[in-house]
Amino acid sequence: VQLQASGGGTVQAGDSLRLSCAASGRTFSIYAVGWFRQAPGKEREFVAADNWRVGSTYYAVSVKGRFTISRDNAKNTVYLQMNSLKPEDTALYYCAADPLMLTTTPSDYDYWGQGTLVTVSS
């Protein structure tokens, strides 16, 4: 499975961005796709995940109500709509895929895309 993340940019606080994660290869093996982020000097943290098998979603408390994860099955693409962005959302955002389960632990995910940088200025 190959993942290609895109959509990052520099915005002001309160603005919105939509990230995309295009999957290719053995996409039928994917159980869940997650978004993670890593700010400078901090550990990679869970943001949101989508269970491709049953359509359930899960969010980190810090983004719930502001971010929405969605999927376009025809395009094998997962989106992360980010609204009401805050400076603390500034980070390198990664998408990842797991063939077995939906988890919030980065090390559980087998496949990773390259990061896309989101910068939110105050």
Side-chain angles (χ1 to χ4, degrees):
V1 176
Q2 294 79 45
L3 303 172
Q4 180 75 33
S6 62
T10 300
V11 298
Q12 292 188 331
D15 286 350
S16 299
L17 271 179
R18 189 178 77 159
L19 305 183
S20 300
C21 176
S24 59
R26 297 171 60 89
T27 57
F28 60 85
S29 68
I30 295 174
Y31 185 91
V33 172
W35 284 98
F36 294 81
R37 66 188 181 186
Q38 189 165 16
K42 295 188 176 181
E43 294 187 352
R44 192 168 298 188
E45 66 173 1
F46 171 78
V47 175
D50 175 25
N51 183 328
W52 279 30
R53 303 294 172 89
V54 299
S56 59
T57 57
Y58 190 72
Y59 297 92
V61 172
S62 59
V63 306
K64 196 168 186 179
R66 299 188 298 123
F67 292 10
T68 302
I69 189 170
S70 63
R71 170 166 37 99
D72 184 331
N73 289 329
K75 296 181 179 180
N76 286 326
T77 299
V78 174
Y79 302 99
L80 185 68
Q81 177 67 42
M82 305 185 295
N83 298 329
S84 302
L85 282 162
K86 305 175 181 180
E88 51 264 44
D89 294 319
T90 295
L92 199 55
Y93 282 72
Y94 299 89
C95 61
D98 191 288
L100 296 177
M101 66 181 75
L102 186 156
T103 86
T104 63
T105 305
S107 59
D108 288 338
Y109 285 76
D110 290 344
Y111 309 104
W112 289 84
Q114 88 292 355
T116 184
L117 182 62
V118 173
T119 303
V120 185
S121 59
S122 58

Novice: Which residue pairs pass the disulfide (SG to SG under 2.5 Å) test when at least one of the two sits in residues 20-113, sequence neighbours left out?
Specialist: Cys21-Cys95
Novice: Mind checking the OG1-CE spacing from Thr68 to Met82? Nearest 0.5 Å is all I need.
Specialist: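 Rounded to the nearest 0.5 Å, the OG1-CE separation comes to 11.0 Å.
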Novice: Tell me which pairs pass salt bridge (charged side-chain N to carboxylate O under 4.0 Å, His left out) where either residue lies in residues 40-51, with sequence neighbours left out.
Specialist: Arg37-Glu45, Asp50-Arg71
Novice: Identify the heavy atoms of Ala13 and Ser122 that sit nearest to each other, and give their distance.
Specialist: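 Heavy atoms of Ala13 and Ser122 come nearest at CB-CA, 4.3 Å.
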Novice: Which value, rounded to the nearest 0.5 Å, describes the distance between Thr116 atom OG1 and Leu17 atom CG?
Specialist: 8.5 Å
Novice: With sequence neighbours left out, what residues match Ala48 under side-chain contact (heavy atoms from CB on, under 4.5 Å)?
Specialist: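 Only Tyr59, Ile69, Leu80 meet the side-chain contact (heavy atoms from CB on, under 4.5 Å) criterion with Ala48.
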Novice: Once disulfide (SG to SG under 2.5 Å) is applied, what residue pairs with a partner in residues 44-78 remain, sequence neighbours excluded?
Specialist: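 Listed once each, the pairs would be none.
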Novice: Show the nearest heavy-atom pair for residues Ala96 and Phe36, with the distance to one decimal.
Specialist: CB-CE1, 4.2 Å
Novice: Got a sec, which pairs hit ring-ring contact (aromatic ring centres under 6.0 Å, His included) with one end in residues 63-101, sequence neighbours left out?
Specialist: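 Output for this query is empty, none listed.
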Novice: Please enumerate all residues that pass side-chain contact (heavy atoms from CB on, under 4.5 Å) together with Val54, with sequence neighbours excluded.
Specialist: Asn51, Ser56
Novice: Which residue pairs pass the side-chain hydrogen bond (donor to acceptor under 3.5 Å, both in side chains) test with at least one member in residues 95-113, sequence neighbours excluded?
Specialist: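 Qualifying pairs, neighbours excluded: Thr103-Asp108.
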Novice: Could you tell me whether a side-chain N or O of Gln38 sits under 3.5 Å from a main-chain N or O of Ala91, the two making a donor and an acceptor?
Specialist: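 No; zero donor-acceptor contacts below 3.5 Å.
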Novice: Output all residues satisfying side-chain contact (heavy atoms from CB on, under 4.5 Å) with Arg66, sequence neighbours left out; order by chain, then residue number.
Specialist: Val63, Ser84, Lys86, Asp89
Novice: Which pairs count as disulfide (SG to SG under 2.5 Å) when at least one residue sits in residues 39-74, sequence neighbours excluded?
Specialist: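 Every pair satisfying disulfide (SG to SG under 2.5 Å) with a residue in residues 39-74: there are none.
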Novice: Quick check on the hydrophobic clustering: are Leu92 and Val78 connected, directly or via other members, by side-chain heavy-atom contacts under 4.5 Å?
Specialist: no
Novice: Side-chain heavy atoms under 4.5 angstrom apart, residues restricted to Ile, Leu, Val, Met, Phe, Trp, Tyr: same cluster for Leu3 and Trp52?
Specialist: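 Hydrophobic grouping puts Leu3 with Trp52.
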Novice: Is Val118 close to Leu19 at the side-chain level, that is, under 4.5 Å between some pair of heavy atoms?
Specialist: yes
Novice: Which residue pairs pass the side-chain hydrogen bond (donor to acceptor under 3.5 Å, both in side chains) test when at least one of the two sits in residues 7-23, sequence neighbours left out?
Specialist: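 Residue pairs passing side-chain hydrogen bond (donor to acceptor under 3.5 Å, both in side chains), neighbours aside: Ser16-Asn83.
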